[in-house]
Amino acid sequence: MNAHTDSLTANPLLDFSGLPRFPDIGPEHVGPAVDALIADARATIERVATLAEPPNWDNFVQPLSDTLDRLGRSWGQVAHLNAVVNTPALREAYNANLQKVTSFHTDLAQDERLFRRYRALADASGFASLDAARKKLIDNSVRDFRLSGAELSDEKKARFKSIEEELSQLSSRFEDNVLDATNDYGLFIDDAAKLSGIPDDVLAAATKAAKEENKPGWKLTLRAPCYYPAMQYADDRRLRETLYRAYATRASEFGKADWDNSALIDRIVELRQESAALLGYKSYAEVSLVPKMARDPAEVLTFLRDLGSRAKPFAERDMAELRAFARDRLGLSELAAWDIPYASEKLRQERYSFSDLEVKAYFPEDRVLGGMFRVVETIFGVTIRAASAPLWHPSVRFFDVLDREGAAVGQFYLDLYARAHKRGGAWMDNAINRRRSGAKVQRPIAYLICNFSTPVDDKPALFTHDEVTTLFHEFGHALNLLLTQVDVPGVSGLEGVEWDAIELPSQFMENFCWEWDVLKYMSAHVDTGEPLPRPLFDKMLAAKNFQSGMQTVRQLEFALFDMHLHHDFDAEAGSALELARKIQLEIAVVPRPADDRGLPHGFSHIFAGGYAAGYYGYKWAEVLSADAYSSFEEEGVLSPAAGIRFRDEVLARGGSRPALESFIAFRGRAPQIDALLRHNGMLAS
């Protein structure tokens, strides 16, 4: 074996024999691994594209799938580490290789030889005898080749490829700018009086953060575990305004020029529109909707505005109540954006006689995890147990998922706490997808990532009820990956699931966070060990739809901005910021200052994620999830019969059939909006 081969074998990103070797992966491994895997993939493509015999599953689809799976697994580890332990060296290596990976995938998606072979598979006499999953993969592949420009002229192909490469770099920069602007901010406070109202655990973390920089007092940051509680509980209005303005102007013209996302937004929108035009579509939204459930932008906009017409009266009522309360009880004659979380929490405490802090004491980490696992084990017939694996941070945990017979189903990583150099928010991603190669089945592995407060001193990490709901949400995504029974690449787990149905399992799981038979087993007071008292739960339940109107129109504001930006936005007639303000005037009820840049400049979902012209999917899928959960309300919240049906007809099927078919197979009928409206308190029970 020569030295070159030895060096590649030693590269942890080229080791597919087991779990990822995260502690061994360094920035120096990225380039050689990407180069080797792309070279291997190109060689495989050349081989299967020039075969003399007609294409079939074994000589064409399987070898192509195998080589792409290796590249996807390796690059996925790099992208994952770039998100959870972002260092300058790793970021440089990621961005240096991103263009290579993007270029490869664009070449692949435009390869006419592969396109012809997939069409030949679709037209072959044997197509009808294939199972549903293989048929769906072939149909999806033909569609995706067309959407990637495979039918364009050579000149237009080159331009399309150039656009895709530039977009990948711009999206990465957008996300980096948001992360850097967030991490760069620190507000040092040396007067304890200014911190009145802020929870003790937040102050303890702020003290620790200041000490780490050899500063006295407290350091407040824009990371979620600090920012949101400060906005909700800080009595000092000027402090709230300072933090709000810093958060709402991140990555804008009001900060460092290098981190301003303004020009990136303009360029991303321009390039997406150009790519759509090359494919013969009027807008990028039309392209985005081709593989989704919704048929066209008009259907989406009608759906959003219909929901808006139902929700806005409730939102206006919520806001009127809040204004009156703030005026009469808090002495705030004018309610500003930075007063909303604070006044809302005070109103909720007065109306329902409890606070988030009171509830938080009942949700220590291990109790919450045990309760969540109990739900999943009961309704889906699996067992979850702690396991060991090479990890990227000492606080990360790892688990096995087993079936009733004790056989392996899948595994998942759990990274719960906020850290510097970790992207904000919560998400789930795949480390390994389920695949079959001959007799061997590759088991799925998921990443489950949150940004919760870390344990303080000898206390366990405590979660707010909202954070518990977030955890259930992301675990729903993980279950979609882990419980699939589809072995076919491209339609296994979350692969191939329409993007506007991707939130169905995650939003479905959130419902269990409002059930007494669930919460009483997943709560234990951090000091006394007592479970959540039933009277406190009843108060939480009574407050469940507190300001649901305001929350709904906020989501609709995001979705309308996204859809209009990618469908009928005219850059010559105004800016993306002006569009955001126009949408705000139409649907929003919360006042925001003129310098607020939160919607466009921090909207990573659509500028750096997969939700462009797809953010509406949260509400679209919520209709599906609420209606699906109503089946459990009818049959029993922890009904194993309903759970196994949901597992087998929805989770297990992955993208092997249309999501609507899976929903109907589970529910016995088409989805109805009534359950969503009822769950949100906008319809009589």
Side-chain angles (χ1 to χ4, degrees), residues 224 227-233 237 240-241 243-244 247-248 303-330 332 334-352 354-356 359 464-467 469-470 473 507 510 513-514 539-562 580-593 596 598-599 602-603 605 615-616 618-620 622-623 626 673 676-684:
Y227 176 76
Y228 289 112
M231 295 304 297
Q232 196 171 3
Y233 294 105
R237 192 184 191 208
R240 297 198 307 268
E241 179 181 357
L243 288 172
Y244 177 90
Y247 191 87
F303 165 74
L304 293 174
R305 288 201 159 85
D306 176 52
L307 189 53
S309 68
R310 297 168 186 249
K312 192 165 183 181
F314 290 91
E316 289 170 335
R317 183 196 65 186
D318 292 342
M319 195 62 192
E321 289 176 348
L322 189 63
R323 280 198 172 98
F325 172 80
R327 181 189 65 238
D328 299 340
R329 305 285 289 149
L330 303 179
L332 294 172
E334 184 178 339
L335 203 59
W338 44 87
D339 299 321
I340 302 292
Y342 179 77
S344 295
E345 178 60 22
K346 293 295 186 186
L347 174 57
R348 182 168 62 174
Q349 288 180 27
E350 179 169 296
R351 180 175 293 175
Y352 303 105
F354 79 94
S355 73
D356 275 353
V359 173
T464 66
H465 187 254
D466 281 348
E467 289 173 333
T469 304
T470 296
H473 178 103
Q507 292 174 335
E510 291 182 27
C513 299
W514 295 101
K539 292 175 184 177
M540 293 167 59
L541 198 59
K544 175 177 183 283
N545 291 320
F546 177 62
Q547 296 185 339
S548 65
M550 288 172 61
Q551 293 163 13
T552 298
V553 298
R554 181 61 168 157
Q555 286 295 95
L556 292 175
E557 185 181 351
F558 287 136
L560 285 166
F561 170 77
D562 169 43
R581 287 174 177 155
K582 179 182 175 183
I583 299 296
Q584 180 188 345
L585 289 173
E586 174 191 346
I587 193 72
V589 296
V590 173
R592 284 192 287 280
D596 191 310
L599 179 51
F603 204 174
H605 274 75
Y615 196 84
Y616 75 92
Y618 278 104
K619 282 300 173 191
W620 186 280
E622 200 174 341
V623 172
I673 199 173
L676 170 63
L677 297 174
R678 176 168 52 81
H679 285 181
N680 284 277
M682 299 179 195
L683 191 71

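Since this is a predicted model, take the numbers as computed values, not measurements. When a residue number appears, it is its place in the shown sequence, counting from 1.
Closest non-hydrogen pair, Tyr616 versus Asp562, comes out as N-OD2, 4.5 Å. The heavy-atom pair separating Gly549 from Asp318 by the smallest distance is N-OD2, 3.2 Å.
Within the 3.5 Å criterion, the main-chain N or O of Gly598 finds a donor-acceptor partner in the side chain of Asp596. A donor-acceptor pair under 3.5 Å is formed between the side chain of Asn680 and the backbone N or O of Leu676.
Here Arg323 pairs with nothing under the side-chain hydrogen bond (donor to acceptor under 3.5 Å, both in side chains) rule; sequence neighbours left out. Evaluation of the side-chain contact (heavy atoms from CB on, under 4.5 Å) rule for Glu350 yields Phe325, Arg329 as partners, not counting sequence neighbours. In this structure Glu241 satisfies the salt bridge (charged side-chain N to carboxylate O under 4.0 Å, His left out) test together with Arg245, sequence neighbours excluded. For Phe303, the ring pair (Phe, Tyr, Trp, His ring centres under 6.0 Å) partners are Trp620, not counting sequence neighbours. Shown here are the side-chain contact (heavy atoms from CB on, under 4.5 Å) partners of Asp466, two or more places apart in sequence or in another chain: Thr464. Remark: Phe314 pairs with no residue by the ring pair (Phe, Tyr, Trp, His ring centres under 6.0 Å) rule, at least two apart or across chains. In this structure Tyr228 satisfies the side-chain contact (heavy atoms from CB on, under 4.5 Å) test together with Ala224, Tyr247, sequence neighbours excluded. In this structure, the side-chain hydrogen bond (donor to acceptor under 3.5 Å, both in side chains) partners of Gln232, at least two apart in sequence or on a different chain, are Glu345, Asp356. Judged as a ring pair (Phe, Tyr, Trp, His ring centres under 6.0 Å), and not counting sequence neighbours, the contacts of Tyr618 are His605, Tyr611, Tyr615.
The structure places NE2 of His679 at 12.0 Å from CD of Gln507, a figure rounded to the nearest 0.5 Å. How far CG of Leu307 is from CD of Gln555: 10.5 Å, rounded to the nearest 0.5 Å. If you take CG on Leu556 and NZ on Lys619, they are separated by 6.5 Å, rounding to the nearest 0.5 Å. The line from OH of Tyr233 to CD of Gln349 is 6.0 Å long, rounded to the nearest 0.5 Å.
Applying the salt bridge (charged side-chain N to carboxylate O under 4.0 Å, His left out) rule to pairs touching residues 540-551 yields nothing, sequence neighbours excluded.
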Report task. Please test Tyr352 against Met540 for side-chain contact (heavy atoms from CB on, under 4.5 Å), starting from the C-alpha separation and ending with a verdict. Result -> CA-CA 8 Å; Tyr352 303 105; Met540 293 167 59; over 6 Å; no
**Report entry** side-chain contact (heavy atoms from CB on, under 4.5 Å) evaluation trace for His465 with Trp514
**Finding:** CA-CA 9 Å; His465 187 254; Trp514 295 101; 3.4 Å; yes
Distance-only donor-acceptor hits, side chain of residues 582-590, under 3.5 Å, sequence neighbours excluded:
from, atom 1, to, atom 2, distance (Å)
Glu586, OE1, Arg305, NH2, 2.9
Glu586, OE2, Arg305, NE, 2.7
Glu586, OE2, Arg305, NH2, 3.2

Sequence neighbours left out, cut at 3.5 Å: what donor-acceptor pairs do the side chains of residues 335-344 make with other protein atoms?
from, atom 1, to, atom 2, distance (Å)
Asp339, OD1, Arg237, NE, 2.9
Asp339, OD1, Arg240, NH2, 2.7
Asp339, OD2, Arg237, NE, 3.1
Asp339, OD2, Arg237, NH2, 2.6
Asp339, OD2, Ala336, N, 2.9
Tyr342, OH, Asp235, OD1, 2.6
Ser344, OG, Ile340, O, 2.7
Ser344, OG, Gln547, OE1, 3.1
Ser344, OG, Gln547, NE2, 2.9

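Side-chain contact check for Met682 versus Asn545: every heavy-atom pair is 4.5 Å or farther apart.
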